[in-house]
Amino acid sequence: MLSRQLIAALGGLALGALASSAQAFSVNIANNAEPGTLDPQKTNGTWETRITRALFEGLVTYAADGSLVPGLAERWEISADGKTYTFHLRDAEWSDGEPITAEDAAFALRRVLEPAIANHNANLYYPIVGARAINAGEADPASLGVETPDAHTLKIHLTQPTAWFLQALAMTEAAPLPAHAIEAAGEHWVEPGKTVSSGAFTLSEWQPQARIVIAKNPHFHAAQNVALDQATFYPIDDAGSALNRFRTGEMDIAYSSVPSSRFAWAKQNLADALRVGPLTAEYFYMFNLHDGQPLADRRVREALNLAVRREVITGQILGQGQTPSTWFVPRGTANAPSGQMAFADMPMEARLTRARQLMKAAGYGPDHPLRLTLNYNTLEDHKKIAVAVAAMWKPLGVEVALVNSEAAVHYATIRQGKFEVARYGMVATINDPFDFLGSYADNGSASRASGYHDAEYDALVARSTGELDPATRQRTLTQAQQRLLDDYALLPLYDYVSVHLVSPRLGGWQSNPMDVHPLRYLEERD
């Protein structure tokens, strides 16, 4: 029989636990969509990287304002010729207590380039010696130009100076990985109970299509500076639902934006929570240019571009401050190139006249319509835009079938090339024009999906990578972008703005062009 003293002691412990639980700082986040994976090297969307960024820290990482700061590397040096980066890792541990070593960093860089991983940003690591050949399956990953002189030192050798290389290393796909955990669990290593993390948080729960819970990592090297105890991500892809659940207090952060139809209301009624800021991102329609596809015909691509009234989409359908674009690289990107599609200043009637002529020359018209499928991922505004664009194309004799699917399915369909026209939102992973232009260059993610290939374009993009003089580099980037635009390889619609809802009780969340908001900096205001 328990003594009264022991019962009292146990009761006191229980009350203490309840008090501690009551003081826990947690947040609920409306996070756009269900992740397809939490393997940081296999993710494709911002809704996934928001989570992986909390779980895995890079050698270089982000401050609250989106600037680059030391991560698992406490310092680094760059050689005088700009081709050797030497990183000195801090004393840090994986969440299972194992030390994080330079070999873990080298392992991750080799793995991200393996063809089987199919990382959509792999081309950002091509400046590393041997990277391109490894990614093409022509060389062993062990041949990559990285070396580990000791457990705390990593050297990376580049083929040429690269202005944006540190930014590429800040992406979660370049973060050191726990080789021991991956070897032990295989493909299941990113499941609760098996995931070994290096970031401020660990994965504690994942109920597909319901929620993902992450908890503070006591082994994180700066755990004493992390105020947040727990974050729960909900895959809410309907902006209206996210708004309603934010209003009721169920959600503390809503990344699902605000429906355009409710934006004016939100500005008036949620002014202290509405965060509208710059965003280095482009909303465009990707064309399938593979042989045998109707959009392999440049005349059709130009006609479809000519007929779209972009200012109607940004001004009348959205109305949140987006900039209508006839370019690809968002104007707010650091060192953004100039240039635009040739018709940009033409009157609308003249554009439509030329569009009809082009369609007729291609063999299409009201009596012989071009039938296209237009794929978009689930969101009210995506549907509104698709319906509007289909109506704008109709006078050309274009009949559009709209195909809606949830985000993971939508982007998988694009990667597999099983589309004709597809809605795409490209959010910068590095604040540099290469992130956009490189995607359409040789073996870039957009090039693979769309089938776009142009040797001169590839050469211009490659030349821009090694050019460190800002003026010369911008001219080269402008030439590259103009070639892509003159080929009408895609249909740009607008430069994004970020529109989020953040509870006024939260501090440490800052709008920034990269839309990066590390949870480790969140604070609870009184």
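Scope of the values below: all heavy atoms of this structure, side chains included, with no hydrogens, waters or symmetry mates.
- Applying the side-chain contact (heavy atoms from CB on, under 4.5 Å) rule to N288 yields the partners H290, Q293, F419; only residues at least two apart in sequence or on another chain are considered.
- Every side-chain hydrogen bond (donor to acceptor under 3.5 Å, both in side chains) that T172 has, sequence neighbours left out, goes to T52.
- The closest side-chain donor-acceptor pair between Q482 and W327, if any, does not fall under 3.5 angstrom.
- By the 4.5 Å heavy-atom criterion applied to side chains, L490 and Y285 are not counted as neighbours.
- Proximity of the aromatic rings of F328 and Y440 is defined here by a centroid distance below 6.0 angstrom, and this criterion is met.
- Using a 4.5 Å cut-off on side-chain heavy atoms (C-beta onward), F436 and P330 make contact.
- D454 pairs by the salt bridge (Lys or Arg N to Asp or Glu O under 4.0 Å) definition with R483, not counting sequence neighbours.
- Sorted by first and then second residue, the salt bridge (charged side-chain N to carboxylate O under 4.0 Å, His left out) pairs involving residues 38-53 (not counting sequence neighbours) are D39-R111.
- In this structure P294 satisfies the side-chain contact (heavy atoms from CB on, under 4.5 Å) test together with Y364, L370, L372, E420, sequence neighbours excluded.
- With sequence neighbours left out, the salt bridge (Lys or Arg N to Asp or Glu O under 4.0 Å) criterion links E302 to R298, R354.
- Judged purely by distance below 3.5 Å, without hydrogens or angles, the side chains of H219 and E93 pair a donor atom with an acceptor atom.
- Distance alone, capped at 3.5 Å, is enough to place a donor-acceptor pair between the E467 side chain and the D469 backbone.
- Without hydrogens or angle criteria, T413 side chain to V409 main chain gives a donor-acceptor distance under 3.5 Å.
- Crowding of Q416 atom CD: a count of heavy atoms from other residues, nucleotides or ligands under 6.0 Å exceeding 12.
- For E57, the salt bridge (Lys or Arg N to Asp or Glu O under 4.0 Å) test picks out R520, with sequence neighbours left out.
- Annotation: ring-ring contact (aromatic ring centres under 6.0 Å, His included) contacts involving residues 45-68, sequence neighbours excluded, comprise W47-Y411, F56-W189.
- Within the structure, ring-ring contact (aromatic ring centres under 6.0 Å, His included) contacts touching residues 138-166 (residues at least two apart or in different chains) are Y85-F165, W164-F434.
- Nearest heavy atom pair, residue L144 against residue G130, reads CD1-C, 4.3 Å.
- Minimum interatomic distance between A64 and G508 (heavy atoms only, all atoms of both residues): CB-O, 3.9 Å.
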Please determine whether ring-ring contact (aromatic ring centres under 6.0 Å, His included) holds for the pair H410 and Y424, giving the CA-CA distance in whole Å, both sets of side-chain angles, and the decisive distance to 0.1 Å.
CA-CA 9 Å; H410 174 74; Y424 207 100; 7.7 Å; no
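- When all heavy atoms of H221 and A92 are compared, the closest pair comes out as CB-CB, 4.2 Å.
- A donor-acceptor contact shorter than 3.5 Å is absent between the side chain of D381 and the backbone of I385.
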Walk me through whether T314 and T323 qualify under side-chain contact (heavy atoms from CB on, under 4.5 Å).
CA-CA 7 Å; T314 57; T323 302; over 6 Å; no
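- Under the side-chain hydrogen bond (donor to acceptor under 3.5 Å, both in side chains) criterion, Q322 pairs with Q320, sequence neighbours left out.
- Counted within 6.0 Å of NZ on K418, heavy atoms from surrounding residues, nucleotides or ligands total 12 or fewer; the atom is thus considered open.
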The test is side-chain contact (heavy atoms from CB on, under 4.5 Å); show your working for L491 and V308 and say whether it passes.
CA-CA 9 Å; L491 193 152; V308 174; 3.9 Å; yes
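- Proximity of a side-chain donor or acceptor of R301 to a complementary backbone N or O of Y488 within less than 3.5 Å is detected.
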Going through the checks in order, is the side-chain contact (heavy atoms from CB on, under 4.5 Å) test met by L158 and I156?
CA-CA 7 Å; L158 307 186; I156 303 177; 4.0 Å; yes
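- Within the 3.5 Å criterion, the main-chain N or O of P149 finds no donor-acceptor partner in the side chain of K155.
- Residues V389 and Y376 fail the side-chain proximity criterion, which asks for heavy atoms closer than 4.5 Å.
- Checked by atom type, the side-chain pair N377/R423 shows a donor-acceptor distance below 3.5 Å.
- Counting heavy atoms from C-beta on, the side chains of R310 and P492 come closer than 4.5 Å.
- Listed by first and then second residue, the salt bridge (charged side-chain N to carboxylate O under 4.0 Å, His left out) pairs that reach into residues 470-479 are D432-R473, sequence neighbours excluded.
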Quick one, T378 with D237, criterion side-chain contact (heavy atoms from CB on, under 4.5 Å). Give me CA distance, side-chain angles, the key distance, then yes/no.
CA-CA 7 Å; T378 304; D237 56 15; 3.8 Å; yes
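- In terms of the side-chain hydrogen bond (donor to acceptor under 3.5 Å, both in side chains) criterion, T478 has no residue partners (sequence neighbours excluded).
- Under 3.5 Å, the side chains of E282 and S325 contain a donor-acceptor pair of N or O atoms.
- A heavy-atom distance below 4.5 Å is found between the side chains of N305 and F287.
- The shortest distance between side-chain heavy atoms of N217 and S197 falls below 4.5 Å.
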